[in-house]
Amino acid sequence: MATGGGSVVVPRNFRLLEELERGEKGIGDGTVSYGMDDSDDIFMRSWTGTIIGPHNSVHEGRIYQLKLFCDKDYPDKPPTVRFYSRINMTCVNQDNGLVEPKHFSLLANWKREYTMEKILTDLKREMASSHNRKLPQAPEGSTFGIC
């Protein structure tokens, strides 16, 4: 039995079940959501996220779809995050929609307690940042077409 204030490490699938339940209930103001791609995937690897663009930015009112892939090392390592909807942001690879960890500090400095919800809310905050909120965007409905 652990003593001395050690914390309990929640197993991967329990953690993902908690995230699924939270994602299905809706997050905050409803402008960010996520859920599993395939309810039959017992490893709970493939997820879809949605972000409605923030006010006072070129993203306002746009709906962005993302794919999150939680490998066997999640939550110890971050998921792979890729925009399906075309978006011009400094942290997104313009060839394939991949959110590049070296340009998105949450992924670069990943901590086990971070969640898919945090990734999506931080991406939305990044959309509204001074270096992203006015960047020219592709026509609404454009996709990277790779997911």
For [X], give me all partners under salt bridge (Lys or Arg N to Asp or Glu O under 4.0 Å), at least two apart in sequence or on another chain.
X: Asp76; value: Arg112
X: Glu113; value: none
X: Asp41; value: Arg45

Kindly give the heavy-atom pair with the smallest separation between [X] and [Y], and that separation in Å.
X: Glu60; Y: His55; answer: OE2-ND1, 3.0 Å
X: Pro79; Y: Trp110; answer: CD-CH2, 3.9 Å
X: Tyr74; Y: Met116; answer: OH-N, 3.6 Å
X: Met44; Y: Cys70; answer: O-CB, 4.1 Å
X: Ser46; Y: Asp37; answer: OG-OD2, 2.6 Å
X: Ile51; Y: Leu120; answer: CD1-O, 3.6 Å

Q) Within a reach of under 6.0 Å around NZ of Lys118, are more than 12 heavy atoms found that belong to other residues, nucleotides or ligands? A) yes
Q. Same cluster for Ile119 and Phe69 if Ile/Leu/Val/Met/Phe/Trp/Tyr side chains link at under 4.5 Å?
A. no
**Q.** Qualifying ring pair (Phe, Tyr, Trp, His ring centres under 6.0 Å) pairs with a residue from residues 87-109, counting only residues at least two apart or across chains
**A.** none
Expected output: side-chain [X] to main-chain [Y] donor-acceptor under 3.5 Å:
X: Tyr34; Y: Glu19; result: yes
X: Asn109; Y: Ser105; result: yes
X: Asn93; Y: Asp95; result: yes
X: Arg62; Y: Ile87; result: no
X: Gln65; Y: Ile63; result: no
X: Arg82; Y: Asn96; result: yes
X: Thr121; Y: Glu117; result: yes

(Q) Taking salt bridge (Lys or Arg N to Asp or Glu O under 4.0 Å) as the cut-off, I'd like each qualifying pair that reaches into residues 125-137, sequence neighbours left out, listed once. (A) Asp122-Arg125
(Q) Suppose clustering is done on Ile, Leu, Val, Met, Phe, Trp and Tyr with side-chain heavy atoms closer than 4.5 Å. Which residues sit in the same group as Phe43? (A) Ile42
Q: Tell me yes or no: between the side chains of Asn88 and Gln137, is some donor less than 3.5 Å from an acceptor?
A: no
Q | Arg22 with Glu18: basic N within carboxylate O range, under 4.0 Å | A | no
Q | Tyr64 and its side chain to side chain donor-acceptor pair (under 3.5 Å) partner, picked from Lys124, Glu140, His59 | A | His59
